[in-house]
Every structure is written in C-alpha cells, then in structure tokens.
Amino acid sequence: MTGLRRRWRAFIRRLKSAVTAPSKQSGGDFREAAVPGFVKGSRVWLACLPLIVAAGAALFAWSVAGALGRHGLTQVLAAAGAGGFLLVAWPAESLVLSKLLERPLGEVSDRIAISWLPLFILPISAPYFNGSVASLFLAGGASAKRVAALALWLLALSLAGSVSLKLILFRDHPGTVLRAIERRAGLLVWLLAGGYFAVFTALSWLAFHWFLGYYHSDLAQYNQTLWATLRGHVFYSAGLEETSNSYLGTHVSPFLLVFILPFYALWQSPLMTCCCGVLGLALAAVPLFYLVRRLTASGAAALLLAAAFLFHPEIVSQPFTAGYETVFVAAPFFAAFYYFLENRFGLFLIFLVITVSVREDFIPAAFVFALLALIKRRPRKWALAPLSLGLVWGAAVLIIFKIVVVHNMFNLYYGHLGPTMTAAIGTIFIHPVYVLEEIKKIQTSYLYNLFAPEGLLLPFTGLASLFALPNIAINVLRGSDVSGVAGGISHYSVLIVSAFWVTLAGFIAYLQKKLPGREQVAAVSASLIIAILVAATAHIWIKTLPEGPPADAAALSRALAMVPPDVSFASNDGRALSHVSVRWGLYEPLLWDVPSGPDRLPQGTAWLDADYVLVKPFHNAYYNDAGSFAFLTAPGSRYVKIFDQDGIRLFHKRGK
C-alpha cells in the first residue's frame with residue numbers, strides 16, 4: 001500500500017512539473033507550443049479545466065439521480081463517482097497517450113484538456129433534470145425513461161465531441177480531410193440549405209394538415225393579407241386581433257409585398273407561407289457561410305457554424321410557429337454584415353434596406369451599423385446612410401401606426417411596467433431591481449434556451465452583440481412567458497441568434513491570431529465545440545416536431561368541411577382560421593382582458609354578423625370565452641348549432 005501511494009505521489013509530481021514547465025518543443029516559450037492555452041501564456045488555465053469539467057460532471061450526475069428519484073446518499077455517490085472518474089481519467093489518459101505518441105507529457109495533457117471542452121454539455125444541461133424545469137422541457141412529462149434517454153444522449157454527444165476534438169488535435173496531418181472539405185465547402189453549404197428546406201417544409205406541411213396548435217390566427221392573418229393584396233386590397237386584414245382591417249395595424253412589413261407576394265401568387269395557400277418561411281431560414285446559411293469564411297479563412301469552420309445556426313433551438317423551431325415574417329431577417333442581415341466587412345457600400349445598403357423592411361422591430365439594426373462605422377472610422381457615408389435610413393423609416397412607421405392602430409396592445413404585453421411606454425421606461429430606470437425580478441420570474445426558461453448553446457463563449461464576443469440587444473429587451477420585458485406559450489421559442493429570437501453567430505465568428509478569428517501556425521485547427525475545433533453545444537440542446541426543440549394529430553383534429557376537419565368558401569367565418573380556434581383564411585370575412589371573436597380596457601373588442605362588432613362561427617374551449621388568461629360567445633346560445637339568438645363533437649362546436653346564422 002505504501003509503495004502504491006509513493007508511486008501515485010511521484011506520478012502527480014511528474015504531471016505537475018510537465019504541466020507547469022515550458023514545452024521542450026517550444027524552446028521554452030509556451031506561446032509557441034503546438035496547442036497553447038486560450039489564455040495567453042497560461043498553463044494554469046488548462047490545468048484547471050479538467051477540474052471544472054469534473055465538477056460539472058458531478059453536478060450533472062447529482063441532477064440526473066435526483067430526477068430518477070434517487071436522493072440522499074445515492075445522489076452523493078453518483079456525483080462523487082462521476083467527478084472522481086474524470087479526475088483520474090485526465091492524468092491516466094495523458095500518460096497513456098504520451099507513451100503511445102512519444103510526445104512530452106505537458107503537450108499531451110494540454111491537448112486532452114482542450115478536447116474535454118464538449119463535456120461542458122453536462123453542467124449546462126443539469127437544470128433540465130431539476131423538478132419543475134424537467135416537467136416543462138421534457139414534453140409528455142419527466143418519466144424515468146425520458147430522463148434516462150436524455151441523460152444518455154447528452155453523455156454520448158459530449159463524448160463524441162471529445163473524441164472528435166482528439167482526432168483533430170493529435171493527428172500530425174489533419175489537413176487531408178479538411179482540405180477535401182475546403183474544396184467542396186461552397187457546394188456543401190448549398191446542399192445543407194437544400195436538405196434543410198426539403199425536410200422542414202415537409203414537416204411544417206404535415207403539422208399544418210394535422211391541425212397542430214402552433215399554426216394559429218397569425219398565420220391566417222398573413223395568408224389573408226397576401227390573398228387580399230393580390231385582389232387589389234393592399235395589406236387588408238379583416239378582424240384578426242387588433243388589425244383594424246389592415247395588417248399595418250399589427251406590423252409594417254414591405255418585405256411581404258416585395259419578396260413574398262410573387263411566390264404566393266404562384267400558389268395561394270397558407271402552405272406557401274410556411275414554405276417561404278422555411279426557405280428564408282435555409283438560405284440564411286449561405287451568406288453566413290461566406291461571412292464566417294471571410295473572417296476565419298476556413299470553409300470547414302464556416303460550414304460547421306452554418307449548420308449549428310440552422311439547428312439552434314430558437315431557429316430550428318421557427319417552421320413550427322405561425323409563419324412570422326421575422327424568419328426572413330437572418331439572410332439579409334448576414335449579407336449586409338458581409339458587405340460591410342468587404343467595404344462594398346452599395347450592396348451593404350441594399351441588404352440593410354431589406355433587413356429593416358422585414359419588420360419594424362429591426363430598425364435598430366441600422367443604428368448599430370452606423371455606430372460600428374463610427375467606431376471603425378469608416379468614411380462618413382457609412383455612418384450617415386444607416387443613420388438616415390433608421391430615422392426616416394422609424395418616423396414613417398410611427399406615422400403609419402398613428403393613423404391605423406385603433407387598439408393599442410402595449411398594456412397587454414408590457415402593462416406590468418406601466419400604462420404607457422414613457423411610464424414603462426421610467427420603471428426600468430427607477431426600479432431596476434423590480435424589473436430584474438420580473439424577468440427572472442417570467443422569462444428564465446426562455447433565456448436559458450436562448451443562451452445555452454453558445455453561452456460559454458459569449459463573454460469573449462464583440463460589438464456585433466449590440467444587434468441582439470433591442471430584440472432581447474422586447475422579449476424579456478414582456479409580461480407573458482414565451483416559454484409557457486411556445487416551449488421557450490420566440491420569433492423575435494432570429495435576429496438575436498444571428499447577431500450572436502456573427503460575434504462567435506469574430507471570436508474564432510481572434511482565437512486564430514493567438515495560435516499562429518494552427519489557424520485551421522483552431523477554427524475547426526472552436527466551430528466543432530459550438531456545433532456540439534447546439535446539438536446538445538436538441539431536446540428543447542425536438543418536442544415541437546409533429547408526432548400525430550391531436551384528439552380533436554378529425555372533428556375540426558369535419559366541421560370545416562361544412563363551411564362554404566364564400567361566407568364570412570369567425571372562430572376562437574386559430575387552427576381553423578388558418579385553414580379557411582382565403583376569404584374576405586374572417587374574424588377572431590376574442591375579448592382582450594387588458595388593464596386599460598377590460599373586455600374591449602378590438603375587432604369591433606363585425607363578427608356578430610359572421611355567417612358561420614366555430615368555437616372550442618380556449619382556456620387562455622388573455623381571453624374571456626364566456627363573454628365572447630354568449631350571443632350564440634342566448635335566448636332569441638340568430639344562430640343554430642349544426643355540429644358538436646370533441647369540444648368543437650359549429651354554428652351558422654339562421655337562413656344560411
């Protein structure tokens with residue numbers, strides 16, 4: 001026993017001396033070592049990395065054991081076993097590979113420490129196994145089988161990522177495969193975009209035909225607006241939400257008319273709207289690829305980052321939202337940033353105009369480009385043009401809203417901060433602690449889903465993160481939980497994630513400068529780590545994939561088959577509205593319960609004259625079902641019930 005202890009101490013001394021001493025191959029200068037640390041001249045950082053990973057693995061094991069119903073001593077043993085195993089694995093793996101490869105122990109231990117970065121997936125995922133969080137994110141309930149399957153998936157993914165990094169870091173000639181990818185990277189990114197478009201278009205169409213709940217009245221609104229515009233009624237929208245018979249009462253999006261309307265004219269169906277949305281996301285991979293390759297000079301890294309972007313939880317879930325036009329912002333934003341870096345003013349301005357025309361939410365991007373131009377001391381036009389565009393377009397949007405909007409939706413979403421925008425801004429600055437408490441209470445899950453894939457690297461990113469701030473503020477200051485509504489997915493996140501991906505590309509370029517002679521390996525390794533972190537969050541969005549029709553789908557289909565194509569129609573079921581939105585009279589008879597005007601009808605009373613009314617139990621805190629539909633069954637009602645099955649009821653006006 002004493003001999004064993006003596007050998008162990010000798011081994012630790014050798015390892016410590018190898019880790020802290022300069023590498024023999026580097027001539028005493030650590031910065032010239034084959035794989036130096038991410039922090040300049042610091043082997044201490046690399047020596048601490050396995051300790052941090054071991055602590056993270058212990059936290060992961062503790063959380064999984066608790067989710068499986070094992071508490072107390074079992075949790076302690078699971079955590080100690082996971083952490084202890086990794087603490088022993090690092091020196092053991094270092095010694096074995098040092099002997100096999102005949103390389104200095106210090107160099108090998110550095111590379112192994114770096115190859116363990118994908119294991120950060122484990123502590124990042126630990127919150128998903130804690131009580132209420134698990135029940136929220138594990139669709140269908142946190143059963144023991146689901147918990148075990150999720151834990152094994154995350155463990156396998158992190159180990160696969162670690163092995164992949166080792167193959168890159170320990171090969172003397174890793175360029176063989178990388179060179180082949182580099183030669184075909186341009187073709188591969190188009191294949192990636194095409195495959196993504198085909199798969200997710202098919203899935204979105206399937207979900208639409210199955211009447212899944214995420215295709216609601218917003219999709220009906222977009223479809224009716226495009227359909228009516230083709231018939232000469234530009235931006236017409238009947239009685240959906242607060243539109244006041246114009247889509248401009250909801251959002252200002254010239255992009256819909258200029259870029260989407262020509263496609264919609266070929267096939268006038270909500271499915272074309274879904275198809276265009278997926279196409280917009282898929283095509284974003286192409287300018288992102290060229291942008292990352294421009295910054296890192298690595299096609300392989302660019303391809304990895306483009307794929308990681310498309311499968312970020314907040315991006316890949318967008319085909320299963322209600323067709324929001326925000327999905328189209330990523331591609332022109334990446335193109336604008338690319339031409340900004342290339343100093344090609346004309347093309348930059350064209351794509352910036354397209355970016356802000358997608359929706360009024362993206363006007364701040366023009367101001368951020370103006371700020372970047374000033375910081376980089378570009379010629380005056382680079383700052384003045386975006387600034388002027390933002391001011392002019394922002395003023396135009398305010399004028400349009402002033403003319404068109406009848407029912408202000410501010411109180412519905414931000415009333416907890418104050419009755420007006422001025423009051424809300426005052427609350428933010430005067431009572432910041434209260435605001436932070438509200439954000440923590442309401443939006444924690446959303447922020448976790450947004451930042452988990454790239455959160456570890458965001459502290460190293462740069463000014464491009466400024467593009468994300470306005471849309472982050474719009475989301476987190478809302479009084480409604482986007483996670484509770486759509487599983488943590490928000491359509492405002494598209495530009496946020498796009499901005500983060502630009503900053504991550506910039507970070508990789510910075511990292512390459514710190515690793516002279518190993519730029520290619522550095523870029524591919526960092527991109528691989530980001531891709532693995534994104535893949536580890538797949539359980540966030542997989543639950544949005546269509547698994548089958550809901551229980552009331554057959555009844556809803558039969559009820560809609562009874563509605564003629566040329567009659568006015570009202571419903572509180574957004575799925576029904578999106579399926580019959582090719583008509584003039586389309587109404588959503590829901591009473592908004594808002595602080596400034598409870599039970600007010602933003603649509604007016606036109607829906608009282610709808611020829612057909614389809615209702616279902618809604619159970620939404622924002623709506624008052626009883627008040628909305630009392631007219632259907634009240635004594636002397638003009639309506640008669642003609643269908644009632646699985647909670648779906650259809651009424652039609654007498655004489656129709």
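Note that this is a predicted model, so its numbers are computed, not measured.
In this structure, the ring of Trp584 has its center less than 6.0 angstrom from the ring center of Trp227. Here Phe311 and Tyr196 bring their ring centres to under 6.0 angstrom of each other. Aromatic ring centroids of Phe500 and His312 lie 6.0 Å or more apart. Separation of the Trp501 and Phe334 ring centroids does not fall under the 6.0 Å cut-off. For an aromatic pair to be called close, the ring centres must be under 6.0 Å apart, and Phe643 with Phe651 fails this.
Taking the side chain as every heavy atom from C-beta outward, Cys276 and Tyr264 never approach each other to under 4.5 Å. Between Thr273 and Trp267, every side-chain heavy-atom pair lies at or beyond the 4.5 Å cut-off. Under the 4.5 Å side-chain criterion, counting only non-hydrogen atoms from C-beta, Phe197 is not in contact with Leu281. Looking at heavy atoms from C-beta onward, Ile496 lies out of side-chain contact with Ser498 at the 4.5 angstrom threshold. Counting heavy atoms from C-beta outward, Tyr612 and Pro564 have side chains that approach closer than 4.5 Å.
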**Item:** Verdict with reasoning, His251 to Glu325, per side chain to side chain donor-acceptor pair (under 3.5 Å)
**Value:** CA-CA 10 Å; His251 294 293; Glu325 62 272 74; 5.3 Å; no
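In summary, of the residues considered (Val356, Ile474, Val329), a side-chain contact (heavy atoms from CB on, under 4.5 Å) with Asp361 occurs for Ile474 alone.
No hydrogens or angles considered: nothing links the side chains of Gln221 and Tyr247 as a donor-acceptor pair under 3.5 Å.
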